Amino acid sequence: MTLASGIGSWPGQSPREAVVAVRDLLGDGIAHLPELPARGVGADMVGRTAALLTDLHVETQPYGWRFVDRPGADEGRARALLREDLDELAEAYDGWTGPLKVQVTGPWTLAASIELTRGERAVVDRGARRDIAEALADGVASHLGDVRRLVPGAQLVVQVDEPGLSAVLEGRLPTQSGYGRLRAVERNEVRDGVRTVLAAAGELETVVHCCAGDVPVELLRQTGARGLSLDLSLLGGRGWEQLAEGVESGTRLWAGAVPTSGPTEWRTASDRLVGAWQRIGLPVASLGDVVVTPTCGLAGTAPSSAVSILRTTTDLAAALTDLAAG
């Protein structure tokens with residue numbers, strides 16, 4: 001059957017309200033641990049995941065995060081916020097035996113977002129790139145151990161968020177001065193970096209989320225992720241072709257099909273997805289293997305809008321289940 005899920009972020013600052021809302025809305029689909037960037041430093045996607053890095057430490061600067069030699073207050077705040085989230089998760093999901101997704105920022109988005117001590121993005125340094133991937137893999141393994149202990153019956157799903165991957169791959173990141181562009185990272189290294197992090201999940205279901213319009217679908221498939229989470233409204237013709245090849249070979253699509261920028265009925269979202277599905281030659285019955293999601297995170301929406309968007313997503317999942325069943 002077609003399932004519904006969310007990307008990860010949620011509006012507001014109350015982890016208890018967010019965890020319960022997501023659980024209640026997605027209880028028949030794939031619920032997830034919500035992220036609340038409105039809480040500020042350490043709750044943003046980069047700081048939240050950077051606090052998981054084993055033996056690497058970060059602090060904030062006027063322009064974002066930077067690696068430092070020892071842990072400080074900013075890193076401590078990020079860790080404390082995550083502990084608070086996990087405490088609320090344990091209470092809300094007591095006795096839970098269904099799917100439960102956790103999200104982490106991927107190694108390339110981290111490397112593109114965190115500066116070295118000398119002031120340039122970490123992605124310029126090959127050794128730093130390697131260290132980030134390895135430290136993140138260790139941190140993810142530890143994080144999953146914490147979640148397993150708190151919600152032992154959950155069927156965990158791991159999502160790696162890589163909104164910055166395409167810019168790294170294509171050499172589109174600006175230099176510190178803003179007058180140049182950083183050199184592109186070779187495709188095999190990009191693939192292997194994501195692969196290293198996914199390996200920390202072991203046999204768990206994994207998905208890579210990339211919301212770029214020029215998402216390298218084929219490369220992401222090569223990472224070994226079992227699923228790809230994409231904003232379908234940004235996907236071009238070549239991307240759809242590569243996606244069709246992936247679906248036919250067993251890759252699960254997490255279809256970002258419900259817009260977050262305004263009200264959309266599930267019928268409209270269904271027509272768009274089914275039309276695209278048929279244009280690339282995929283059978284309607286295979287929509288039963290899809291997970292449908294909003295096109296992106298919901299942190300920028302009003303709480304009432306976030307609820308409405310997830311309800312539309314679950315309605316879409318139900319409609320596609322019926323359609324796929326014939």
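All values reported here derive from a predicted model rather than from experimental measurement.
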[X]-[Y] side chain donor-acceptor pair, cut-off 3.5 Å:
X      : Y      : result
Thr105 : Asp161 : no
Ser9   : Glu35  : no
Arg221 : Ser249 : yes

Original post:
Quick one: does Leu156's side chain get under 4.5 Å of Val147's, heavy atoms only?
Top reply: yes
Original post:
Does the side chain of Thr314 reach to within under 4.5 Å of the side chain of Asp28, using non-hydrogen atoms?
Top reply: no
Which residues pass the side-chain hydrogen bond (donor to acceptor under 3.5 Å, both in side chains) test with [X], sequence neighbours left out?
X      : value
Glu248 : none
Thr175 : Ser177
Glu189 : Arg126, Arg129

Subject >> Neighbour count >12 (heavy atoms, 6.0 Å) for atom CG, Asn188 >> reply: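 Enclosed: over 12 neighbouring heavy atoms sit under 6.0 Å from CG of Asn188.
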**OP:** Sequence neighbours left out, what pairs pass ring pair (Phe, Tyr, Trp, His ring centres under 6.0 Å) with at least one residue falling in residues 31-81?
**Re:**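 Every candidate ring pair (Phe, Tyr, Trp, His ring centres under 6.0 Å) pair involving residues 31-81 fails, so no pair, neighbours aside, qualifies.
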Subject >> Connected hydrophobic set around Val20, excluding itself, where side chains approach under 4.5 Å >> reply: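 Its cluster partners, ordered by chain and number, are none at all.
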**OP:** Using the test side chain to side chain contact (heavy atoms under 4.5 Å, CB included), find all partners of Arg118 that sit at least two apart in sequence or belong to another chain.
**Re:**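 So Arg118 forms a side chain to side chain contact (heavy atoms under 4.5 Å, CB included) with Leu116, Val124, Asp125.
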Original post:
Can you name the one residue among Leu320, Asp315, Asp271 that meets side chain to side chain contact (heavy atoms under 4.5 Å, CB included) with Trp266?
Top reply: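 That would be Asp315; it is the only one of Leu320, Asp315, Asp271 passing the side chain to side chain contact (heavy atoms under 4.5 Å, CB included) with Trp266.
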